Each structure stands twice: as C-alpha cells, then as structure tokens.
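Residue numbers start from 1 in every chain, and the chains themselves are labelled A, B, ... in the order their sequence lines are given, proteins ahead of strands. Atoms considered below: every heavy atom in the structure, side chains included; atoms not considered: hydrogens, waters and symmetry mates. No experiment lies behind these values; they were computed from the predicted model shown.
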There are 2 protein chains.
Amino acid sequence: MGIDCGTEITGYGVVESDDRSRNPRLVCCGFGAIRLSKQKTMPKRLMQVFDELTLALERWQPEVVAVEEVFYSVNAKSALKLGQVRGVALLAAAKLGLPLAEYAPLKIKSSVVGYGMASKEQVKFMVARLLELAEAPEPPDAADALAVAICHLHTAQTLLLQEVRG
Amino acid sequence: MGIDCGTEITGYGVVESDDRSRNPRLVCCGFGAIRLSKQKTMPKRLMQVFDELTLALERWQPEVVAVEEVFYSVNAKSALKLGQVRGVALLAAAKLGLPLAEYAPLKIKSSVVGYGMASKEQVKFMVARLLELAEAPEPPDAADALAVAICHLHTAQTLLLQEVRG
C-alpha cells in the first residue's frame, strides 16, 4: 500500500504484483482518499487519519507500506502540519507490524513515468496505464499513493533480480 | 498534563490546582520523559511515544492536555520530524477524549517566570519553586512540560475570574 500524506487529503492505493517475472503485471486492488474537514480540530483530524487508515490497512492487508520521502522545500509551518499527519500514518502501519519503505519523489516519478521531472498529469496518466485502469484515479492524492506503491514493486523487483543474479 | 514534544526526548508533567481561589496552590503530581533511541526506526519511535504517553495519560487521568504552540523558526526538516512526534502525541490525547490547549512559548515563559524572554534555566528554577519541589525537574523536557501545565492552570484561572466578574 502506498500512502500519500497531506494536511487536507491523504490518499492511499493498493497494488499487487502478479508474479516475480521480469515484467510482472501490476494489479490495482483498490484506492481511496481521506478528506479532512477544516471545521475539525487538529486532534480530531489526526484521529480520523489514523482510524480510516487503520481500517484500510486491515481491509487490504498489504505486506508493506510505502511513502514518499519528505519534501524539504516546503516551509517550516507546512512541514510541521504535514509531519503531524505523517506521524499518525506511520503509527497506523507500525501498530499493525508492517514494514515501511520510503522513496524520494524523483525516484517515484522516474519509476512510474520514466523520468524524474514528470508532471502530476503524466504521473496520473502512467499510473492508469500501468494498472490498466479505464480512468485516471481520483483524487490526485490517490494516484500519487498508487505511484508510490508501483515504485516500491518496481524497486523490490529490481532488488530481487539483483539478488538472483548476484 | 503538559507535554513537551521533541524528536529525541518528549517530556510530560502533571500539575493540579488545589482550589479555585485567586492564588491557588499548584501541586506537582508527577512528571517523566520518553527517550527515543536513534537505533530505532522512525515508526518504532513514534509507536514508543504513542504507547508511553497513552500509559501516562491513563495513569494520571488529566482533565486537559496542554502543549506549546509550534515554534516556526526551526527549519522544514526539523519541523517535519517534530511534527511526526507531535502528531502521535495529539492522537494519544484525542483517543482518550481529552481536550487540547495550546500556548505560545512567550505566553508560557511569561506565565511561569513573569517575562517572555526568560532563559531555560529561569523556567526550570521557577517551575521547581512554584511546585515547591526540592530539586529542579530533570530532564529539562519534563520541566518544560510542567511549565506548559502551569501556564494552562494560570490561564484557566484568569478565564474563570473573568467569567465570574463578567
């Protein structure tokens, strides 16, 4: 399961690899988004992220959780708010004993689109294509979460091939 | 209970006000610190903060949780890490249905020491004095947490007096 943390919307997406061949087929199991109301206090929003994410993890039972590495160019105020959401998301995964994988934004884009400076639109388009979806996943946060999951499977695949060859 | 979140040590401290008179006596019920090992992964550290804080909240059963408002002058990288810890701390309080009060650093210092630009040492000294402790609380993170709790009681007291007079 890939998770894309955000202070307004946190997306998640579950992707499965059908085999361990060189070009495994990727299957989208499901995706969703947790929308936080600005009317709610911050503790209530954090509880919503934790509870809904725990439900999604229990429903999909992923083997691994993958997240984007922190994007440091945001300002300190946004970083702290994002950190709070990210903290409870990582806690939800840790509480269920799931390992965590982190990938840099550049790595995710190049893994999905083929190059690191790809636009949001290109990522969405390629996510839909790789997962053979009729439409691009919405909201974009869910598409981003699926992209992280795809990146993890591609990377895990590469590591596996390296092991086999090594 | 005051909580002072930190990426290495998170302090907490419980203070009780003995009555609702104008100058209530403050009593320190207890304090402690959660020390995070750098050997641990971030998700494990977040789980430790959440679990130990939940235990402390269940043990002391405070009526309110008070934290320092975010200090925005730190850089984005530190802010995100601090945010993660703060997120699980706020979640622990929210899970137990506790209300949250936030105070600016200046407000906390002026409430405890009498002026906002007080040093860490002055805060520690005044915390010990106000709570009639033989020694200054250690580590400093626990003293800071007690300071937030004292600030909350002082402020709540003022609000109460305003209500009575209003």
### Query
Taking it one step at a time, do B:Met47 and A:Lys95 satisfy side chain to side chain contact (heavy atoms under 4.5 Å, CB included)?
CA-CA 7 Å; B:Met47 195 145 81; A:Lys95 280 271 172 198; 4.2 Å; yes

## Note on the structure
Rounded to the nearest 0.5 angstrom, the NZ-CG distance for A:Lys44 and B:Leu90 is 12.0 Å

### Query
Considering all heavy atoms of both residues, which atom of A:Ala79 and which atom of B:Ala76 are nearest to each other, and what is their separation?
CB-O, 3.3 Å

Please tell me whether [X] and [Y] are part of a single hydrophobic cluster in this structure, the criterion being side-chain heavy atoms less than 4.5 Å apart.
{"X": "B:Leu133", "Y": "B:Val15", "value": "yes"}
{"X": "A:Leu98", "Y": "A:Val64", "value": "no"}
{"X": "B:Val67", "Y": "B:Val14", "value": "yes"}
{"X": "A:Val123", "Y": "A:Leu106", "value": "yes"}
{"X": "A:Leu130", "Y": "A:Tyr103", "value": "no"}

### Test side chain to side chain contact (heavy atoms under 4.5 Å, CB included) applied to A:Leu91 and B:Asp51, B:Leu91, B:Val49, the passing residue
B:Leu91

### Query
Heavy-atom distance under 4.5 Å between the side chains of B:Leu82 and A:Leu80, does that happen here?
yes

### Task
Quick one: which of A:Gly83, A:Ala93, A:Gly87 has the most heavy-atom pairs under 4.5 Å with chain B, could you say?
A:Gly83

### Message
Between A:Leu46 and chain B, with a heavy-atom cut-off of 4.5 Å, which part of the residue counts as in contact: side chain, backbone, both or neither?
### Response
both

